[in-house]
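Bear in mind the structure is a predicted one, so any value in this text is a computation, not a measurement. What's counted below: heavy atoms across the whole structure, side chains too, no hydrogens, waters or symmetry copies. Numbers here are sequence positions counted from 1.
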Amino acid sequence: MNNQQIVTVAVITYNSSKYIVETLESIKLQSYSHLKLIVSDDCSSDNTIQIVREWISNNSSRFIRTQVLTTEVNTGVAANINRAFDACDTEWLKIIAGDDLLLKNCIEDYVDYLNTNPNAEVVFSRVLIFWSSWGRKKWKTSWHDYDFFSLSPKEQYDYLINKGNRLPAPSCLYNIKQLRALKIRFDERIPLLEDFPMWIMFARKGVSFHFMDKNTVGYRIHEDSLSIGLFSPRFYKSNLLLYLYYFQDEIKDEADRDKTYNLMADHMLEFYTKTYNTAIKLKTSPEYMIGFFLLYPYYVVKYIFGRIKSCL
């Protein structure tokens with residue numbers, strides 16, 4: 001890969017109006033110039049698409065090509081990413097959620113890495129976590145397990161099955177040409193859980209997990225994403241489907257059944273615990289408590305009027 005290689009950045013959106021401009025600006029400000037831009041929206045009910053089209057109208061000259069993909073029904077994140085996969089006509093694709101950020105040198109750092117690692121198929125990097133507090137961004141290192149990338153292919157597969165998913169998905173750069181040759185796509189049977197099934201498919205098909213030891217992406221933590229995703233019945237269902245579709249393959253005979261079922265149960269327990277602890281941390285933050293008390297009179301009035309209306 002040379003420094004003139006075109007890279008596609010695909011922004012995956014769903015009701016992303018609050019953050020999408022900041023995400024798009026982070027792509028616009030990339031130090032690497034040879035970029036195509038795809039925005040794939042999963043039937044947002046807010047004005048995400050209107051904001052995206054207006055932004056692209058004002059900034060299209062920054063990119064070699066821009067494209068906006070929409071759908072008339074909500075299909076889930078896996079299918080939304082697959083639409084971006086199908087629309088990508090460059091060898092390399094960087095995916096970013098519509099509320100995250102690319103750090104300024106993200107694409108340039110990846111291109112430099114690929115110039116010295118031409119056989120790479122997927123490349124990960126370090127991720128920074130950030131959130132807004134009193135109008136300012138706060139940053140910290142992420143919880144991902146970067147030691148995973150020092151393991152052998154067999155150890156990586158065993159890790160995914162036995163320890164679960166702790167890979168920095170927001171950082172992943174994909175070689176679309178290689179993935180198409182291997183017939184690897186995001187699993188649309190599991191609409192809201194796109195990354196873990198993909199990593200298992202990578203490991204099963206011998207795709208090597210490359211790692212670049214640099215921070216390239218900012219992963220945003222905010223309460224909206226939790227209320228929409230982690231606590232929805234659809235998201236819990238997606239986790240159950242993951243285990244049914246992927247962990248059942250580990251059952252070769254009757255002796256494996258208890259081990260596999262216990263792995264499934266352990267992963268589900270870990271997921272629920274992590275979700276609960278994250279929610280508690282957010283809901284006990286000073287910003288949330290202040291907002292709750294400021295809005296409390298509104299909730300009381302809304303409840304009273306709701307009760308009155310139900311009695312009429």
Side-chain angles (χ1 to χ4, degrees), residues 12 77-78 81 92-97 100 102-103 106-107 109-110 112-114 116-130 139-176 178-179 182 184-187 190 192-221 230 238-239 242-243 245-250 259-260 262-275 277-278:
I12 308 303
V77 65
I81 297 177
W92 288 95
L93 173 66
K94 178 71 193 80
I95 293 173
I96 181 172
D100 294 339
L102 296 186
L103 304 186
C106 172
I107 304 301
D109 286 341
Y110 274 122
D112 289 343
Y113 179 88
L114 294 171
T116 56
N117 297 272
N119 295 322
E121 296 167 308
V122 292
V123 185
F124 295 80
S125 72
R126 294 187 179 273
V127 172
L128 294 176
I129 297 171
F130 73 98
W139 300 79
K140 70 174 183 178
T141 56
S142 70
W143 59 78
H144 300 100
D145 187 356
Y146 299 107
D147 291 338
F148 170 88
F149 299 100
S150 64
L151 302 176
S152 69
K154 183 182 184 306
E155 290 173 332
Q156 288 177 342
Y157 179 72
D158 291 342
Y159 180 106
L160 292 170
I161 294 299
N162 290 285
K163 295 185 178 181
N165 179 20
R166 299 189 182 105
L167 302 192
S171 74
C172 191
L173 180 77
Y174 301 87
N175 186 317
I176 296 298
Q178 292 295 329
L179 298 188
L182 292 171
I184 293 178
R185 290 168 60 81
F186 285 93
D187 193 338
I190 312 176
L192 298 184
L193 191 64
E194 78 287 2
D195 53 352
F196 198 5
M198 182 66 102
W199 311 154
I200 295 176
M201 282 191 280
F202 284 166
R204 286 178 177 172
K205 294 201 174 187
V207 174
S208 59
F209 294 82
H210 280 245
F211 176 67
M212 179 178 66
D213 194 7
K214 291 185 177 183
N215 292 311
T216 65
V217 176
Y219 176 70
R220 189 189 300 268
I221 299 294
L230 292 181
S238 292
N239 276 270
L242 165 72
Y243 304 126
Y245 284 131
Y246 287 85
F247 281 67
Q248 289 291 327
D249 290 344
E250 298 304 304
K259 176 183 176 182
T260 302
N262 274 282
L263 278 173
M264 293 166 59
D266 289 343
H267 284 314
M268 290 295 283
L269 177 61
E270 180 184 9
F271 167 73
Y272 292 143
T273 302
K274 184 182 295 184
T275 301
N277 290 339
T278 302

[X] side-chain N/O to [Y] backbone N/O, donor-acceptor pair under 3.5 Å:
X      : Y      : answer
Ser171 : Arg126 : no
Asn165 : Leu167 : yes
Asn117 : Ala120 : no

Given the rule in the side chain to side chain contact (heavy atoms under 4.5 Å, CB included) test, do Tyr219 and Phe130 qualify, once you have shown the distances and angles that lead to the verdict?
CA-CA 6 Å; Tyr219 176 70; Phe130 73 98; 5.7 Å; no
I need the [X] [atom1] to [Y] [atom2] distance, nearest 0.5 Å.
X      : Y      : atom1 : atom2 : answer
Lys140 : Ile221 : NZ    : CD1   : 7.5 Å
Ile184 : Asn175 : CD1   : CG    : 11.0 Å
Gln156 : Ser208 : CD    : OG    : 8.5 Å
Phe186 : Ile81  : CZ    : CD1   : 4.5 Å
His144 : Arg166 : NE2   : CZ    : 11.0 Å
Arg220 : Leu128 : CZ    : CG    : 13.5 Å

Taking all non-hydrogen atoms of both residues into account, name the closest pair between [X] and [Y] and its distance.
X      : Y      : value
Ala203 : Tyr157 : CB-CD1, 3.6 Å
Asn215 : Val127 : OD1-N, 3.9 Å
Met201 : Arg185 : CE-O, 3.0 Å
Ile190 : Ala78  : O-CB, 3.9 Å

Please list, chain by chain and in numerical order, all residues satisfying salt bridge (Lys or Arg N to Asp or Glu O under 4.0 Å) with [X], sequence neighbours excluded.
X      : result
Asp195 : none
Asp100 : none
Asp158 : Lys154

Are side-chain heavy atoms of [X] and [Y] found at a separation under 4.5 Å?
X      : Y      : value
Tyr113 : Lys214 : no
Ile12  : Val77  : yes
Val207 : Leu182 : yes

When you look at Glu155 and Phe148, which way does the side chain to side chain contact (heavy atoms under 4.5 Å, CB included) test go after all the steps?
CA-CA 9 Å; Glu155 290 173 332; Phe148 170 88; over 6 Å; no
For Ile129 and Trp143, run side chain to side chain contact (heavy atoms under 4.5 Å, CB included): C-alpha distance rounded to whole Å, both residues' side-chain angles, the deciding distance at 0.1 Å, then the answer.
CA-CA 9 Å; Ile129 297 171; Trp143 59 78; 3.0 Å; yes
Any side-chain donor paired with an acceptor under 3.5 Å for Tyr110 and Ser125?
yes
Any side-chain donor-acceptor pair under 3.5 Å between Ser150 and Tyr146?
no
Option passing side chain to side chain contact (heavy atoms under 4.5 Å, CB included) with Pro170 (candidates Thr216, Ile95, Val217, Ile96):
Val217
Which pairs with one or both residues in residues 196-205 pass salt bridge (charged side-chain N to carboxylate O under 4.0 Å, His left out), sequence neighbours excluded?
Arg204-Asp249, Arg204-Glu250
Asp109/Leu103 under side chain to side chain contact (heavy atoms under 4.5 Å, CB included): CA gap, chis, key distance, verdict:
CA-CA 10 Å; Asp109 286 341; Leu103 304 186; over 6 Å; no
Applying ring-ring contact (aromatic ring centres under 6.0 Å, His included), name anything that partners Phe149, two or more places apart in sequence or on another chain.
Phe124, Phe211
Listed partners of Asp145 passing side-chain hydrogen bond (donor to acceptor under 3.5 Å, both in side chains), at least two apart
Tyr159
Are Phe196 and Trp199 close enough that their ring centres sit under 6.0 Å apart?
no
